[in-house]
Protein chains: 2
Amino acid sequence: MSSKLHDPFKTSFDSLDEYADLISQVLKCPITIEDANHRLLAYSTHDERTDPARISTIIGRRVPEKVINQLWKEGTIPTLLKTKEPIRVKNMEEIGLSHRVAISIWKQDEVLGFIWALEIDQSLKEEDLALLKKAADAVKNKLLQLQTRKNKKEERFQEFFWKLLTGHLKDQEEILEHFHALQINPPATFAILVFQFKKNISSKEEQWISYLLQTNQRIKILLYTIDCNQLIVLVSTDTFQNPFSELEQFVQVFVEKMNERYGIKDIISVFSSIYEDYQLIGKAYEETQSVLAIKNKFPYETKHIYNYHKLGIYQFFDLLLEKRKVEPYENYSLKKLHEYDQKHNSHLVKTLEVYLNNDANINDAAKELNVHANTLTYRLKRIAEIGEINFKDPNQKMMLYLDLKLEKYKGI
Amino acid sequence: MSSKLHDPFKTSFDSLDEYADLISQVLKCPITIEDANHRLLAYSTHDERTDPARISTIIGRRVPEKVINQLWKEGTIPTLLKTKEPIRVKNMEEIGLSHRVAISIWKQDEVLGFIWALEIDQSLKEEDLALLKKAADAVKNKLLQLQTRKNKKEERFQEFFWKLLTGHLKDQEEILEHFHALQINPPATFAILVFQFKKNISSKEEQWISYLLQTNQRIKILLYTIDCNQLIVLVSTDTFQNPFSELEQFVQVFVEKMNERYGIKDIISVFSSIYEDYQLIGKAYEETQSVLAIKNKFPYETKHIYNYHKLGIYQFFDLLLEKRKVEPYENYSLKKLHEYDQKHNSHLVKTLEVYLNNDANINDAAKELNVHANTLTYRLKRIAEIGEINFKDPNQKMMLYLDLKLEKYKGI
DNA sequence: ATACATTTTGGGGATTTTCACAAATGATCA
DNA sequence: TGATCATTTGTGAAAATCCCCAAAATGTAT
């Protein structure tokens, strides 16, 4: 057998499964075909030899997330996304993966999916790899068909989602019908997630996002769409024990992966409260937007805050900023401290802020300020004197904290 | 000489000073005449023997405050206010007071003033005391004249003050003219003080108030008036180093004395910021009223707060209460804790509040709660679990504090 | 009534924090 | 330039807080 051999895949089948079986027969090993998001498209059945990773993939109709993660870390997937050649993947027992060969399926410069060939008994030879490459080419058209069909469905998703977000669908019955028409199981409880990117999201990035959302197995994504620099997602929270911490973990992982895998940094993410009533999707969306607005104003302070409930005092900041702009109030202590800083070019205000940020913990604050704890103690003594502050009075401390944050953003 | 003796005081003089000299000549000792507020009205000059207390009184044209305080504590003044008989006052070196006899001057059941007779060389005899009583009676009419003249002046004061408080006088020049017409030296800086009594202020209480204000030497009272249950005072703050702490001390002392001397409790006192512009007296007044409104809502929390600047977060409470009424927000942690309290009839919310009131100090809070410190530690651990609270996060703590206070007063 | 979970209290040691003092450095002003 | 004041850092002892354990008390459910 040479690479000039007659192409055994130049036949047309109705389903991808038949392709999988054919490839399996030719190469004499189990075959799996996935789309670009590692969803299972087809798998060969004639061969019963397999490995745990493949079993999980077939059972869950998608590649398990930890396998994907491992393949990213270890470099297989990045390579597959770069080359059209078959890639040999070594044994990775810890995730139940035995020896195998993978190849990506290309349409021009875009990856449509992957074929996996397990090397259970013997390794594939050079000519087998050439055959695999031919198989990948043959499968391409079938995948393209699937994709266009998917795109059309996608458009209907988009339309529906925007109607929900903008509150155009007022009737519960109607909404449920739409869900069913799109074959989405309507969730009992849901939330809106929004990821705000630095710049408008390009179509390349859109693909990456899509990939990340599809391959995640942490959370059930119902709908998602992109609006300028925002990725808006509707997720089901039905299966969660602690919905908020689960959502928090998810957004953190998402942001982390966008950075690790694609080098996209500074994504600001938020999510809404948990709702049951589909008519309130618009409200949930508004909620995310108001949280985003505050996070944009106070990025440092709200770094670890993702939803309205956790905003804490920042919930009030719009209101308070307004009040402060209107009335001629001035915080006496802060004024004094600013004057002192000005005169002696010291950093008492900054010191105070870090101290309060750190919950009045001298050690932590000193660490953040890179000074000796005694230095901070001394400064605080001075701050208390100059600003006439009693650090034992929670009311005073709170007011200082609020006014510190408020004066930072009075200009906005 | 007997008590049936011809009355030597049955003559009429133009000024009180002449009376003082006459009495001095008859009794052969220095004489001082004061009004009901211990302001010097007249003093004899023919006799040069005197004591430090009398010197200070004459120099300052009023009895020194510490002397008045001592005479109250030791019982002289209370007795003088009860009896028409002469009272012998023993030597009190610590305040520079040598032996003397005092008598009050009465018009029906009201005390108009006092006559003091110093016993420098020899004690007054029984017949001298009888003479003194006659003298007191003779002086009465002169004092009455003074008083009615004062009352008329008082009325003009009142009218002017109310015009200032209600902002009816807009012209700086005009205001200054009024001040001068009333022989008040216009202060460079001033503040408004308001004392809110439990009940409407009776005319009896009005006299006590007047007495306390007049005899105080801590602060310069420019004008005062009474409105239902409020005493409103305009004071000069020109001579103060730390105006706020001086004002604070003054109001505390005032409230204390109203209680000690007259048994009037639960006076709520506030004062405005320091102003320079007389046109802003109305604003200062409004400020006191808004602080009073908040102190009425949060009496416990604002017990030690007297002015707007010190209100701290309570400045915002009207605004925040409004916001909370409008939107359907609920503090998740507090909700959980309330539910727990309900179910297990425990006191986690109360515990949390006391803990936060005490600036997260375990010992202080435990003391206030009358439980062992370890008990509080345990409860806090439970509170953190149940309410999903991180006590190291100042934002969370602040929000809890705010919501705790807010929910207490949502009904108002 | 009994078993079980929760809460309260206490002891005592480890760990931190606080405090006072001293030395060194930096800034300021005549 | 020296004298003075403000600031920073270090040290070590005293005080306080934290933490773990266990016993007792209380409440709860079967």
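Lettering follows sequence order; numbering is per chain, from 1.
- A straight line from OH of A:Tyr378 to C1' of C:dA23 spans 15 Å, rounded to a whole angstrom.
- Rounded to an integer number of Å, the gap from B:Lys343 NZ to C:dT6 C1' is 14 Å.
- At least one side-chain nitrogen or oxygen of B:Thr375 sits closer than 4.0 Å to the OP1 or OP2 atom of C:dT9.
- Atom NZ of B:Lys381 and atom P of C:dT9 are 16 Å apart (whole Å).
- Remark: C1' of D:dT8 and CG of A:Leu369 are 13 Å apart, rounded to the nearest angstrom.
- Salt-bridge annotation for B:Glu301 and B:Lys405: present, with a side-chain N of the basic residue lying under 4.0 Å from a carboxylate O of the acidic one.
- When the options B:Ile305, B:Asn357, B:Leu311 are evaluated for a side chain to side chain contact (heavy atoms under 4.5 Å, CB included) with A:Asn395, the one that passes is B:Ile305.
- Here A:Asp238 does not pair with A:Lys220 in a salt bridge; the nearest charged N to carboxylate O distance is not below 4.0 Å.
- One interatomic measurement links the two molecules: CD1 of A:Ile386 to C1' of D:dA6, which rounds to 10 Å at whole-angstrom precision.
- Under the 3.5 Å distance criterion, with hydrogens and angles disregarded, no donor-acceptor pair is assigned to the side chains of A:Lys392 and B:Asn361.
- Phosphate proximity of C:dT7 to B:Arg382: present, with a side-chain N or O under 4.0 Å from OP1 or OP2.
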Atom pairs under 3.5 Å, N or O on each side, protein against nucleotides 16-27 of chain D: can you list them with distances?
| unit_1 | atom_1 | unit_2 | atom_2 | d |
| --- | --- | --- | --- | --- |
| D:dT17 | OP2 | B:Asn363 | ND2 | 2.2 |

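- Between B:Lys392 atom NZ and C:dT16 atom C1' the separation is 12 Å, expressed in whole Å.
- If you check the side chains of B:Asn358 and B:Asp364, you find no donor sitting under 3.5 Å from an acceptor.
- A:Leu376 has its CG atom 13 Å from the C1' atom of D:dT7, to the nearest Å.
- Ion pairing between a basic and an acidic side chain is recognised when a charged N comes within 4.0 Å of a carboxylate O; B:Asp266 and B:Lys198 show such pairing.
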Table please: side-chain donor-acceptor pairs of residues 312-323 of chain A below 3.5 Å, with sequence neighbours left out.
| unit_1 | atom_1 | unit_2 | atom_2 | d |
| --- | --- | --- | --- | --- |
| A:Gln315 | OE1 | B:Arg324 | NH2 | 2.5 |
| A:Gln315 | NE2 | A:Tyr308 | O | 3.1 |
| A:Asp318 | OD1 | A:Lys297 | NZ | 3.3 |

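- OP1 or OP2 of C:dG10 sits under 4.0 Å from a side-chain N or O of B:His372.
- At whole-Å resolution of the value, CG in B:Leu348 and P in C:dT6 are 13 Å apart.
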